[in-house]
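Only one structure is covered here, and it is reproduced in the block below.
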Amino acid sequence: MTDTPAATGATTPPLNAQVSASAIPPEEMDRLTDGIVAALKSVYDPEIPADIYELGLIYRVDIADDRNVAIDMTLTAPGCPVAGEMPGWVENAVSAVPGIAGCSVTMVFDPPWDQSRMSDEARIALDMW
């Protein structure tokens, strides 16, 4: 299982893959994790000039031994106009990472998103200091 800063309370965004129980070699897990982060950073909410990863919308990323990825994510607000589309954007982006077999995204709203989940990079982009 891999946690994002939103899940761990960290202020910097790197994912910390826990590979102790994984059949995936550590070097490959690192490569997959880096690819997933890059894919997540390519997805933007069209109304906000920051990617969903830096916004802290990704709550959980789990890379299974079969290389299927399960992601829990949220939105800045439950009524977001792209709520129905964004999970598909995330699935497509992560599924395109070399070595990933597939991706499923679950939308969650507990805990609710708030601005404290944003990285410093997102705060700079949105001028929210």
Side-chain angles (χ1 to χ4, degrees):
M1 184 173 106
T2 307
D3 291 322
T4 65
T8 61
T11 57
T12 55
L15 297 179
N16 296 316
Q18 298 173 358
V19 296
S20 57
S22 178
I24 300 173
E27 300 80 20
E28 184 176 358
M29 183 63 80
D30 289 345
R31 184 186 58 74
L32 292 174
T33 300
D34 290 347
I36 291 168
V37 170
L40 293 170
K41 290 173 75 76
S42 75
V43 179
Y44 284 74
D45 182 321
E47 298 178 335
I48 304 172
D51 67 76
I52 62 170
Y53 186 76
E54 297 297 338
L55 284 170
L57 299 182
I58 303 300
Y59 284 2
R60 183 183 67 87
V61 174
D62 184 34
I63 305 169
D65 288 346
D66 64 1
R67 289 160 180 74
N68 279 297
V69 177
I71 296 175
D72 288 349
M73 69 169 292
T74 195
L75 302 169
T76 56
C80 177
V82 295
E85 298 172 53
M86 194 172 293
W89 299 344
V90 172
E91 286 176 5
N92 290 338
V94 172
S95 292
V97 173
I100 296 298
C103 179
S104 64
V105 175
T106 302
M107 193 66 66
V108 297
F109 294 100
D110 187 32
W113 179 88
D114 64 48
Q115 294 177 3
S116 69
R117 297 182 177 278
M118 295 188 320
S119 70
D120 288 344
E121 183 177 313
R123 291 178 189 286
I124 290 168
L126 299 173
D127 197 24
M128 297 183 84
W129 288 101

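Any value given below was found using the heavy atoms of this structure, including those in side chains, with hydrogens, waters and symmetry copies removed.
L40 has its side chain within reach of V61: a pair of non-hydrogen atoms, C-beta onward, lies under 4.5 Å apart. By the 4.5 Å heavy-atom criterion applied to side chains, M86 and V105 are not counted as neighbours. Contact annotation: the side chain of S104 never approaches that of N68 to less than 4.5 Å [non-hydrogen atoms, C-beta and beyond]. Within the 4.5 Å cutoff, the side chain of P49 has heavy atoms near those of the L126 side chain. Side-chain atoms of E54 and M118, non-hydrogen and from C-beta on, never get closer than 4.5 Å to each other.
Within the model, atoms CG of D62 and CG of D72 stand 9.0 Å from one another, a figure rounded to the nearest 0.5 Å. To the nearest 0.5 angstrom, K41 atom NZ is 14.5 Å from I36 atom CD1. Between atom CD of residue E28 and atom OG1 of residue T33 there is a gap of 10.0 Å, rounded to the nearest 0.5 Å. For the atom pair T76 OG1 and D114 CG, the distance stands at 11.5 Å (nearest 0.5 Å).
Among all heavy-atom pairs drawn from L55 and A50, the shortest one is CD1-O, 3.6 Å. Residues P98 and R31 approach most closely at O-NH1, 3.0 Å, considering heavy atoms. Of all non-hydrogen atoms in R117 and P111, the two that sit nearest each other are NH2-CG, 2.8 Å. The minimum heavy-atom distance between D65 and A23, with the atom names listed, is OD1-N, 2.9 Å. Shortest non-hydrogen contact noted between A93 and V43 is CB-CG2, 3.9 Å. When every heavy atom of A39 is checked against every heavy atom of V97, the shortest pair comes out as CB-CG2, 3.8 Å.
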Worked verdict on D51 versus E121 for side chain to side chain contact (heavy atoms under 4.5 Å, CB included): CA-CA 10 Å; D51 67 76; E121 183 177 313; 4.2 Å; yes

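Exactly one of D110, T106, V108 qualifies for a side chain to side chain contact (heavy atoms under 4.5 Å, CB included) with Y59. That residue is V108.
Clustering ILVMFWY residues whenever any of their side-chain heavy atoms sit less than 4.5 angstrom apart, transitively, puts Y44 in a cluster other than the one holding L75. The cluster map of Ile, Leu, Val, Met, Phe, Trp and Tyr, joined by side-chain heavy atoms under 4.5 Å apart, puts I52 and I48 in the same cluster.
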